[in-house]
Colleague: 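There's a structure below that I have some questions on.
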Amino acid sequence: MRIIFSRKGFDSAAGGGPSPIVDGVPVSLPIPSGGHSRTTYGDLGLGEHARAASRGKLGAADACHHDPMFTGDGRCLFGQCGAAQTHLANQGVGVGDVFVFFGLFRAPDGDPHHRIFGYQRIGEIVDLTACEDVRKAELAALGHPHALGMHAKNDVIYIGEGRTATRASDALRLTVAEGPPSLWNRPSWLRRGGLSYHDRADRWLRGGRLRSVARGQEFVADIGRRHAPREWLDGVLAEIKA
């Protein structure tokens, strides 16, 4: 089994600032659309939040890349392509593995930090380059940007159970209390060699801390049959569902 730490939403490079925490709830702002979108920030009720987080560069009328897409019935659709999808494939990510979505957030009176805001347990992987037109049309009807237009030669959509957090609890915060955002409190089960893109020794610090990479989307931990990572994941999912 694999746990994939998947970076999503606004940050200083994509969007211009952290996603907000509104009335105690983390609200992940989708990144601006680079094309193949028919969803605006206004459509999602996020126009004012996008304007504030981007310092006025984006607003209700601007198109966004609505992905991951949480459907409201307990499902999540998440598209990936290009180098990031190649990495997931090379790492053997498949049905039964779990994406743990995290991003940069800030409460009105708080500091920017990384936190987990949602998850998806993979139930199906749709290869958009090979699936039937009827299947692609079904996904396009939902407005998923990867189904509306090909982003790369290896476009896929992961589908499965998924939810977003209803509260910004400390249990879902990755960043250490004093920051910076990329300095994490790592789970005790996560050790050097156990997370893709994080092999350098200087990233694994004393005191159970991890200096996460500044760029990249998908970081894969192959947990095999170990119990400790599963217990940690069960706790994270329970916190999201609470």
Side-chain angles (χ1 to χ4, degrees), residues 1-15 18-19 26-31 34 64-71 74-105 113-126 128 144-146 151-152 154-165 168 171-175 181-182 184-187 189-190 194-198 203 210 212-223 229-230 232-237 239-241:
M1 180 182 176
R2 295 158 185 82
I3 299 172
I4 308 102
F5 291 82
S6 182
R7 189 200 316 260
K8 295 294 171 281
F10 265 35
D11 58 22
S12 58
S19 290
V27 179
S28 179
L29 298 175
I31 63 173
C64 63
H65 187 75
H66 187 197
D67 185 32
M69 175 184 289
F70 296 89
T71 62
R75 287 197 310 154
C76 172
L77 288 77
F78 167 52
Q80 194 51 280
C81 64
Q85 171 54 26
T86 297
H87 180 65
L88 292 175
N90 288 343
Q91 291 289 317
V93 170
V95 171
D97 295 337
V98 178
F99 285 102
V100 173
F101 298 115
F102 75 93
L104 186 68
F105 289 86
H113 63 277
H114 286 153
R115 73 166 42 253
I116 296 167
F117 68 88
Y119 80 94
Q120 184 206 75
R121 189 182 300 276
I122 303 171
E124 178 187 5
I125 304 175
V126 179
L128 294 171
H144 197 284
H146 283 259
H151 291 61
N154 60 344
D155 245 321
V156 305
I157 294 181
Y158 297 87
I159 303 173
E161 166 200 331
R163 299 178 186 274
T164 57
L172 297 178
R173 177 173 169 134
L174 294 170
T175 300
S182 60
W184 293 2
N185 281 313
R186 61 177 169 82
W189 56 265
L190 189 59
L195 187 66
S196 64
Y197 290 119
H198 289 78
R203 296 199 175 280
L210 172 67
S212 64
V213 299
R215 299 182 66 84
Q217 297 182 52
E218 315 293 349
F219 313 136
V220 182
D222 187 344
I223 65 172
R230 282 174 165 77
W232 176 86
L233 180 60
D234 288 345
V236 167
L237 300 193
E239 191 66 30
I240 291 172
K241 296 174 183 179

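Throughout, residue positions are numbered sequentially from 1 according to the sequence presented. The figures here come from the full heavy-atom set of this structure, side chains too, leaving out hydrogens, waters and symmetry mates. Keep in mind the model is a prediction, meaning the values are calculated, not measured.
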Colleague: Within this structure, what is the SG-CD1 distance for the pair Cys76 and Ile122, rounded to the nearest 0.5 Å?
Modeller: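 Interatomic distance, Cys76 SG to Ile122 CD1, rounded to 0.5 Å: 10.0 Å.
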Colleague: So how far is it from His87 NE2 to Asn90 CG, rounded to the nearest 0.5 Å?
Modeller: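 Going from NE2 on His87 over to CG on Asn90, the span is 8.0 Å.
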Colleague: Between OG1 of Thr175 and CG of Asn185, what distance do you get to the nearest 0.5 Å?
Modeller: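 The CG atom of Asn185 is 8.5 Å from OG1 of Thr175, to the nearest 0.5 Å.
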Colleague: Write out all pairs satisfying salt bridge (Lys or Arg N to Asp or Glu O under 4.0 Å) with one or both partners inside residues 79-90, taking only residues at least two apart or from two chains.
Modeller: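 Residue pairs passing salt bridge (Lys or Arg N to Asp or Glu O under 4.0 Å), neighbours aside: none found.
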Colleague: Is the shortest side-chain heavy-atom distance between Phe117 and Ser19 below 4.5 Å?
Modeller: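 Phe117 does not reach Ser19 side chain to side chain.
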Colleague: Among residues at least two apart in sequence or on other chains, which ones pass side-chain contact (heavy atoms from CB on, under 4.5 Å) with Ala84?
Modeller: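 Partners of Ala84 by the side-chain contact (heavy atoms from CB on, under 4.5 Å) criterion, ordered by chain and then number, come out as Gln80, Gln217, Glu218.
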Colleague: Sorted by first residue and then second, give each salt bridge (Lys or Arg N to Asp or Glu O under 4.0 Å) pair with at least one member in residues 77-86; sequence neighbours left out.
Modeller: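 For residues 77-86, and leaving out neighbouring residues, there are no salt bridge (Lys or Arg N to Asp or Glu O under 4.0 Å) pairs at all.
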Colleague: How about Tyr197 and Arg203: do any of their side-chain heavy atoms sit closer than 4.5 Å?
Modeller: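 They are not in side-chain contact.
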Colleague: For the CZ atom of Arg163 and the CZ atom of Phe70, what is their distance to the nearest 0.5 Å?
Modeller: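 Answer rounded to 0.5 Å: 11.0 Å.
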Colleague: Using 0.5 Å steps for rounding, measure from the CG atom of Leu29 to the NZ atom of Lys8.
Modeller: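 Nearest 0.5 Å value for the CG-NZ distance: 15.0 Å.
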Colleague: Side chains of Phe219 and Ile4, heavy atoms from C-beta outward: is any pair under 4.5 Å?
Modeller: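 Side chain of Phe219 against side chain of Ile4, heavy atoms only: no contact under 4.5 Å found.
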Colleague: Are Val98 and Met1 side-chain neighbours, meaning at least one heavy-atom pair lies under 4.5 Å?
Modeller: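 SC-SC contact between Val98 and Met1 confirmed.
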Colleague: Take Gln85 and Leu88, measure what side chain to side chain contact (heavy atoms under 4.5 Å, CB included) needs, and give me the verdict at the end.
Modeller: CA-CA 5 Å; Gln85 171 54 26; Leu88 292 175; 3.7 Å; yes
Colleague: My understanding is that only residues two or more places apart in sequence, or in another chain, count here; which of them pass salt bridge (Lys or Arg N to Asp or Glu O under 4.0 Å) with Asp222?
Modeller: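 Per chain and number, Asp222 pairs via salt bridge (Lys or Arg N to Asp or Glu O under 4.0 Å) with Arg2.
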Colleague: For Arg75, what residues pass the salt bridge (Lys or Arg N to Asp or Glu O under 4.0 Å) criterion, not counting sequence neighbours?
Modeller: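 Per chain and number, Arg75 pairs via salt bridge (Lys or Arg N to Asp or Glu O under 4.0 Å) with Asp73.
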Colleague: Report the distance from atom OH of Tyr119 to atom NZ of Lys241, rounding to the nearest 0.5 Å.
Modeller: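 One finds 3.5 Å between OH of Tyr119 and NZ of Lys241.
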Colleague: Given Val156 and Asn154, is the side chain to side chain contact (heavy atoms under 4.5 Å, CB included) satisfied, shown in steps?
Modeller: CA-CA 6 Å; Val156 305; Asn154 60 344; 5.8 Å; no
Colleague: For Pro18, check side-chain contact (heavy atoms from CB on, under 4.5 Å) against everything at least two apart and list the hits.
Modeller: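 Expected list: Leu104, Arg106, Pro112.
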Colleague: Does the side chain of Ser28 come within less than 4.5 Å of Phe101's, by heavy atoms?
Modeller: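 A side-chain contact is absent here, since even the closest heavy-atom pair is not under 4.5 Å.
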Colleague: Report the residues that fulfil side-chain contact (heavy atoms from CB on, under 4.5 Å) with Pro187, sequence neighbours left out, ordered by chain and then residue number.
Modeller: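 Partners of Pro187 under the side-chain contact (heavy atoms from CB on, under 4.5 Å) test: Trp189, Leu190, Trp232.
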Colleague: Within the 4.5 Å heavy-atom criterion, are Val213 and Arg7 side-chain neighbours or not?
Modeller: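 Yes, their side chains come closer than 4.5 Å.
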Colleague: Quick one: list whatever passes ring pair (Phe, Tyr, Trp, His ring centres under 6.0 Å) with His151, sequence neighbours left out.
Modeller: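 Scan of His151 (ring pair (Phe, Tyr, Trp, His ring centres under 6.0 Å), adjacent residues dropped) gives His36, His65, His146.
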Colleague: Do Phe5 and Leu195 make a side-chain contact, defined as non-hydrogen atoms from C-beta onward lying under 4.5 Å apart?
Modeller: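 Counting from C-beta outward, Phe5 and Leu195 do come under 4.5 Å.
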Colleague: Using a 4.5 Å cut-off on heavy atoms from C-beta on, say whether the side chain of Ile223 contacts that of Leu233.
Modeller: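 Leu233 vs Ile223: side chains apart.
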Colleague: Tell me every residue that passes side-chain contact (heavy atoms from CB on, under 4.5 Å) with Ala83, counting only those two or more places apart in sequence or in another chain.
Modeller: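 Result, side-chain contact (heavy atoms from CB on, under 4.5 Å) vs Ala83: none returned.
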Colleague: Are the side chain of Arg121 and the backbone of Gly160 linked by a donor-acceptor contact shorter than 3.5 Å?
Modeller: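 No.
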Colleague: Salt bridge (Lys or Arg N to Asp or Glu O under 4.0 Å): which pairs involve residues 84-96, sequence neighbours left out?
Modeller: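 Sorted result for residues 84-96: empty, none.
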Colleague: Quick one: does any side-chain atom of His198 pair with a main-chain N or O of Ser196 as donor and acceptor, under 3.5 Å?
Modeller: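 The answer is yes, because a donor-acceptor pair under 3.5 Å joins these two groups.
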Colleague: Any pair with a residue in residues 91-103 that passes side-chain hydrogen bond (donor to acceptor under 3.5 Å, both in side chains), sequence neighbours left out, goes on the list, sorted by first then second residue, please.
Modeller: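 The answer is none; no pair qualifies.
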Colleague: For side chain to side chain contact (heavy atoms under 4.5 Å, CB included), just list the numbers for Phe78 and Asp67, CA-CA rounded to whole Å, side-chain angles, deciding distance to a tenth of an Å, and then say yes or no.
Modeller: CA-CA 6 Å; Phe78 167 52; Asp67 185 32; 3.5 Å; yes
Colleague: Can you list the residues that meet the ring pair (Phe, Tyr, Trp, His ring centres under 6.0 Å) rule with Tyr158, with sequence neighbours excluded?
Modeller: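 So Tyr158 forms a ring pair (Phe, Tyr, Trp, His ring centres under 6.0 Å) with Phe99.
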